[in-house]
Amino acid sequence: MRLFVALDLPWELRARLAGFATAGIPGARWVPAENYHLTLRFIGETNSVQAEDIDHALAALRGRGFPLTLAGVGTFQKAGRSTQLWAGVARNEALERLRAKIETALQRAGMAGERRRFQPHVTLARLDAAPEAKLAGFVQQHNLFRAEPVAVEHFTLFSSRLGKEQAVYTAEVEYPLG
Ligand code: 3AM
């Protein structure tokens, strides 16, 4: 199973984000609203024993709920090309703490440490040779985006099946935050 840990988002917020998908950017594959999520940790392929260890470790984690505000938009680049268009997250120490706890739990479950810096975001579109000028215009136009805060009351272990057009994400386990 291909797994990742993420926050799912309430429908009001998904609806708000879906509003971005109308903008005309050639080469943008917009993520469907049911797929929006905020990845806390990508895990990757696991066998059933590993998946069970991961589940146990995450279930033992104790964390508190917190408010989350999405704010700003931006792009990720690889080799000088924009690959992803995303909505950002207003500074959030509770989110960082939760991510750190998840990291510790996963390492206890035997996973190698994550080396990449945590850059919290919700992917809005994957980009295939999208014109950089259009992207810059989009970012400029929407940079003041700030959503209403939402209450994060759980985090979720998702499985991901890669589809032809879009991945299919399934919430496997929800872990409540106190
Ligand atoms: O949250 P986003 O959409 O940015 O790109 C994948 C998606 O990111 C990412 O994990 C999230 C859930 O699928 N992902 C896929 N393969 C990955 C990998 N090998 C990866 N992240 C890190 N390493």
Side-chain angles (χ1 to χ4, degrees), residues 1-11 13-21 23 25 27-47 50-51 54-55 57-58 68-92 94-96 98-107 109-130 135 138-139 142-143 145 147 150 152 154-175:
M1 252 206 284
R2 188 180 164 88
L3 298 175
F4 64 100
V5 182
L7 301 179
D8 65 20
L9 305 171
W11 278 102
L13 190 51
R14 289 177 194 254
R16 177 96 199 262
L17 294 177
F20 287 124
I25 300 178
R29 270 184 297 131
W30 295 96
V31 174
E34 67 267 23
N35 274 8
Y36 290 145
H37 62 272
L38 191 165
T39 300
L40 295 166
R41 173 64 139 91
F42 178 76
I43 295 174
E45 285 297 334
T46 57
N47 62 37
Q50 289 169 319
I54 287 165
D55 174 42
L58 293 176
L68 175 82
T69 303
L70 295 189
V73 296
T75 56
F76 288 145
Q77 263 97 29
K78 207 185 228 169
R81 280 208 158 176
S82 296
T83 55
Q84 252 168 286
L85 182 62
W86 43 258
V89 178
R91 199 181 130 73
N92 192 322
L95 177 68
E96 298 282 343
L98 175 60
R99 192 211 59 88
K101 282 185 179 178
I102 289 169
E103 187 59 32
T104 305
L106 292 178
Q107 289 186 26
M111 297 198 49
E114 172 63 87
R115 286 160 171 232
R116 301 210 285 191
R117 193 164 70 86
F118 180 50
Q119 293 180 282
H121 65 276
V122 177
T123 301
L124 299 173
R126 297 182 194 283
L127 305 170
D128 182 17
L135 291 170
F138 180 94
V139 170
H142 295 294
N143 216 15
F145 159 69
V150 296
V152 174
H154 64 269
F155 64 97
T156 305
L157 181 62
F158 284 94
S159 65
S160 155
R161 275 184 297 122
L162 301 179
K164 236 192 185 158
E165 292 293 320
Q166 296 288 348
V168 178
Y169 300 138
T170 306
E172 299 289 343
V173 191
E174 285 185 359
Y175 305 94

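Just so it is clear, the model here is predicted, and its values are computed rather than measured. Note that ligands are numbered from 1 as they come in the structure, with each ligand's atoms numbered from 1 the same way.
For Glu45, the CD atom is densely surrounded, since the number of other residues' heavy atoms within 6.0 Å is greater than 12.
When each of Phe158, Phe155, Phe42 is tested with Phe4 by the rule ring-ring contact (aromatic ring centres under 6.0 Å, His included), just one qualifies, namely Phe158.
Under a 3.5 Å cut-off, the side chain of Gln50 and the backbone N or O of Asn47 do form a donor-acceptor pair. A distance-only check finds no donor-acceptor pair linking the side chain of Arg29 to the backbone of Asp128 [under 3.5 Å].
Counting all heavy atoms, side chain and backbone alike, Ala147 lies closest to Thr69 at O-CG2, 3.3 Å.
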Donor-acceptor contacts under 3.5 Å from residues 70-88 side chains, at least two apart:
residue : atom : partner : partner atom : Å
Thr75   : OG1  : Gln77   : NE2          : 3.1
Gln77   : NE2  : Ser82   : OG           : 2.8
Ser82   : OG   : Glu132  : OE1          : 2.8
Ser82   : OG   : Glu132  : OE2          : 3.1
Thr83   : OG1  : Phe76   : O            : 3.2
Gln84   : NE2  : Thr123  : OG1          : 2.8

Distance dump, ligand 1 polar atoms to protein, N/O, under 3.5 Å:
residue  : atom   : partner : partner atom : Å
ligand 1 : 1 (O)  : His37   : NE2          : 3.0
ligand 1 : 1 (O)  : Thr39   : OG1          : 2.5
ligand 1 : 3 (O)  : Thr123  : OG1          : 2.8
ligand 1 : 3 (O)  : Arg126  : NH2          : 2.8
ligand 1 : 4 (O)  : Gln84   : NE2          : 2.8
ligand 1 : 4 (O)  : His121  : NE2          : 2.5
ligand 1 : 4 (O)  : Thr123  : OG1          : 2.9
ligand 1 : 16 (N) : Arg2    : NH2          : 3.3
ligand 1 : 21 (N) : Arg116  : NH2          : 3.0
ligand 1 : 23 (N) : Arg116  : NH2          : 3.4

